[in-house]
Protein chains: 4
Amino acid sequence: MALPRSGPIRSQAARSAILDAAAALFAEQGYDLLTIEGIARRAGVGKQTIYRWWPSKGDVLAEAILERRLLGAQRELPDTGDARADIATWLSDLFTLRASPDGEGLLRSLVAAAAGSSETGRRLRTEILAAPLMNRLAVAMGGAAGARLEAAADALVGGVILRALSREDFGLDDMRTLVDTVVGPAPR
Amino acid sequence: MALPRSGPIRSQAARSAILDAAAALFAEQGYDLLTIEGIARRAGVGKQTIYRWWPSKGDVLAEAILERRLLGAQRELPDTGDARADIATWLSDLFTLRASPDGEGLLRSLVAAAAGSSETGRRLRTEILAAPLMNRLAVAMGGAAGARLEAAADALVGGVILRALSREDFGLDDMRTLVDTVVGPAPR
Amino acid sequence: MALPRSGPIRSQAARSAILDAAAALFAEQGYDLLTIEGIARRAGVGKQTIYRWWPSKGDVLAEAILERRLLGAQRELPDTGDARADIATWLSDLFTLRASPDGEGLLRSLVAAAAGSSETGRRLRTEILAAPLMNRLAVAMGGAAGARLEAAADALVGGVILRALSREDFGLDDMRTLVDTVVGPAPR
Amino acid sequence: MALPRSGPIRSQAARSAILDAAAALFAEQGYDLLTIEGIARRAGVGKQTIYRWWPSKGDVLAEAILERRLLGAQRELPDTGDARADIATWLSDLFTLRASPDGEGLLRSLVAAAAGSSETGRRLRTEILAAPLMNRLAVAMGGAAGARLEAAADALVGGVILRALSREDFGLDDMRTLVDTVVGPAPR
DNA sequence: CTATAAACGAGACGGTACGTCGCGTCTTCAT
DNA sequence: ATGAAGACGCGACGTACCGTCTCGTTTATAG
């Protein structure tokens, strides 16, 4: 099936060091200051080893995130029994994602990565951001599914992104309003 | 009180040439390829003249957009009498914003600019993207105002942004579903 | 007596392909652009097969030249009966050695090889350049031998090299003057 | 005459630092290990500042040598009254030119530079190597001039170059034989 | 009417990062 | 054991821009 090839195979040590270095540097400094040379330096690896396997820094980063080397905690919703409240809390956490004290907002950096790299962009919406939301959101919407469920997830996550881009401060209450608006008022 | 000074005043010709060049280059090549040197070259201006008046390329761009040197047409909603449909159409146009035939999506570039420059980011949400939406959206929501109106606008525009970042194709129908989800089902 | 060994012995096909590739690339592009990777690629051979048998590209080249894969014609003097004239002609040919139409002077490349590789350098003087000259030069000098003969050969070949390095144009007449000066005026 | 230009002029400090760095690195490590990056690093200068003014490392070096930042001492012949002996001494010094204890022969490096850079090559013969020789050589040859004088200088200097390339050891006596052969036997 | 000084076009400067090439070593698989 | 293939860490290549800093020129005020 796979065409046979001779020669050395890909070094897993190098691959892993690169992804770790990319995740760490991204978390510390943000996407703009993330450079291929910096990743190579930190990983103790030649630049060519990065270019051999990834077309751009964005794709390195996308792979690092998908392997949960970044954003691990963010990928689970809390569960207090109240789905609407849990969603609002999770959105608020997403909004406040911070790397280092002086770091830029991590969410904003993630958006920059998605804007600059099709690979990151492609995965951001479904695999990274919206995925954790789906189950509980379906419950909160009274069993919605398909296009409407997707639209609601896009609206919630997108709303948070837009607010993060604006640099204004939004709190938990604002996120509650967002949830109420998109999901509809809470039943009583 | 104003401290007296001699010498020539700011050249409007230079200012205008810079903003035009920035708008044109952004539309043609996107935010990542937008450079101060490129703007200066295109505008026939010294680099220092840019640095004297703006702190970064993002701020130049923000000013250019605000002066309607870019995105002019996008800033008005169509008016067919059906507010929900008009909003969906406008969102779809926003999603499809293209610069040149082969250009990257312009919306994605706008997001990159907003992620990279606080000035651009600050203005993007309220002054550029959401502003045209407000009046008609209030009508569509049956007279909503304040936080709920803002939340709905964020959800709609943010949803489109998230979808643009994902590089999937979304059509007018998808935008209609988005509107229905956020605004609520159409009354009959 | 011969120590027994298992496994394949040195592949003559590989050895020959490497020397041919080195000679061809040297003739086409000069010494500076001659690379081990290029030789391996052209010869259809792994890099290691070159490194296994030669310590540097200079040594590969030296061997290629010595096996007459390069400079074959240059290694014989013409014979018109007039030794002084034959020497001048041969020196002029040496000076004009060209690889491809647009190639750098081949002699200059040879000098670069000699300067960069002790193996090539060691052999250039005695085995490659001066050797063909010796017999006829001895005749032209009236039976000189030993140190004086060697000195004369060095002076002639060295003079041509210096002139080639200078990038000026020298013709057959100039070479005649060189011969007259070193060998002494023609007897009448 | 000269077309007027505005803007900053060339920094003499940078120019001088670059030439000094190139001369020092060449003397210490030879031509092959001389790199643009190394020169820039040593000179405390951006790479672009080198590329702005010189097309290649060879041209930087040529300029450094011509300004006597290198080989200063080598450019005068000793004067003991005996022109033939002085020439032989000078040739022997040329042959032995060394940079550092472990350095490659400096003359060989100079030849590599000349082979690799037309600018260096062009100047090497007339301005650097042969020039100091001319006056005394004319005397030794009994008033020779023009083409014959040039041919003799080429033969002497070229002979030394060829011998240096060969990596054999040649001493003062060998140089005396070279002089005798080229200049003709000493008169008595 | 000067002088002064700011704004301007131009672009040199010390840097950082880019993406590519070649080095010499090492690893895999096939013969 | 050899050989083809090629991944690896490394370091230099030549280019593009960064943001700062001169230059020489132009032009609006202040004296």
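Within every chain, numbering begins at 1; the chains are lettered A, B, ... in the order of the sequence lines, protein sequences first and strands thereafter.
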Calculate the interatomic distance between [X] atom [atom1] and [N] atom [atom2]; express it in whole Å.
{"X": "L33(A)", "N": "dC18(F)", "atom1": "CG", "atom2": "P", "answer": "15 Å"}
{"X": "Y31(C)", "N": "dG22(E)", "atom1": "OH", "atom2": "P", "answer": "15 Å"}
{"X": "E37(C)", "N": "dT20(E)", "atom1": "CD", "atom2": "P", "answer": "15 Å"}
{"X": "R10(D)", "N": "dG14(E)", "atom1": "CZ", "atom2": "C1'", "answer": "16 Å"}
{"X": "Q12(C)", "N": "dG3(F)", "atom1": "CD", "atom2": "P", "answer": "9 Å"}
{"X": "D32(C)", "N": "dG14(F)", "atom1": "CG", "atom2": "P", "answer": "12 Å"}
{"X": "R15(B)", "N": "dG9(E)", "atom1": "CZ", "atom2": "P", "answer": "14 Å"}
{"X": "D59(D)", "N": "dG14(F)", "atom1": "CG", "atom2": "P", "answer": "12 Å"}

(message) Taking any heavy-atom pair under 4.0 Å as a contact, classify R41(A): base, sugar-phosphate, or nothing.
(response) sugar-phosphate
(request) With heavy atoms under 4.0 Å as the rule, sort G44(B) into base, sugar-phosphate or nothing. (result) sugar-phosphate
(request) Mind running a 4.0 Å heavy-atom check of residues 45-57 of chain B against DNA chain E and sending the residues that fall below it, in number order? (result) V45(B), G46(B), K47(B), T49(B), R52(B), W53(B)
(request) Can you tell me which residue pairs pass the salt bridge (Lys or Arg N to Asp or Glu O under 4.0 Å) test with a partner in residues 7-21 of chain B, sequence neighbours excluded? (result) R15(B)-E63(B), R15(B)-E67(B), D20(B)-R69(B)
(message) Please check this pair: side chain of K57(D) against backbone of Y31(D), looking for a donor-acceptor N/O pair closer than 3.5 Å.
(response) yes
(message) Looking at G121(C), is its backbone amide N or carbonyl O close enough to the side chain of R123(C) to form a donor-acceptor pair, meaning the two atoms are under 3.5 Å apart?
(response) no
(request) Ignoring the backbone of A14(A), work out which of dG9(F), dC8(E), dT22(F) is nearest its side chain. (result) dG9(F)
(message) Can you tell me which nucleotide in dC17(F), dC8(E), dT28(E) comes closest to the side chain of I9(A)?
(response) dT28(E)
(request) Before giving the answer on salt bridge (charged side-chain N to carboxylate O under 4.0 Å, His left out), spell out for E37(B) and R42(B) the whole-Å C-alpha distance, their side-chain angles and the decisive distance to 0.1 Å. (result) CA-CA 9 Å; E37(B) 297 213 330; R42(B) 172 99 153 218; over 6 Å; no
(message) If you assign T35(B) and I36(D) each to the DNA chain F nucleotide with the nearest heavy atom, which residue ends up on the more 5' nucleotide?
(response) I36(D)
(request) Check whether the side chain of S6(D) and the base of dG9(E) form a donor-acceptor pair under 3.5 Å. (result) yes
(request) Please report the closest heavy-atom contact between A17(B) and A43(B), naming both atoms and the distance. (result) O-CB, 3.5 Å
(request) Could you grab the distance from atom CH2 of W54(C) to atom OG of S117(C), nearest 0.5 Å is fine? (result) 13.5 Å
(message) Side chains of L110(B) and L71(B), heavy atoms from C-beta outward: is any pair under 4.5 Å?
(response) yes
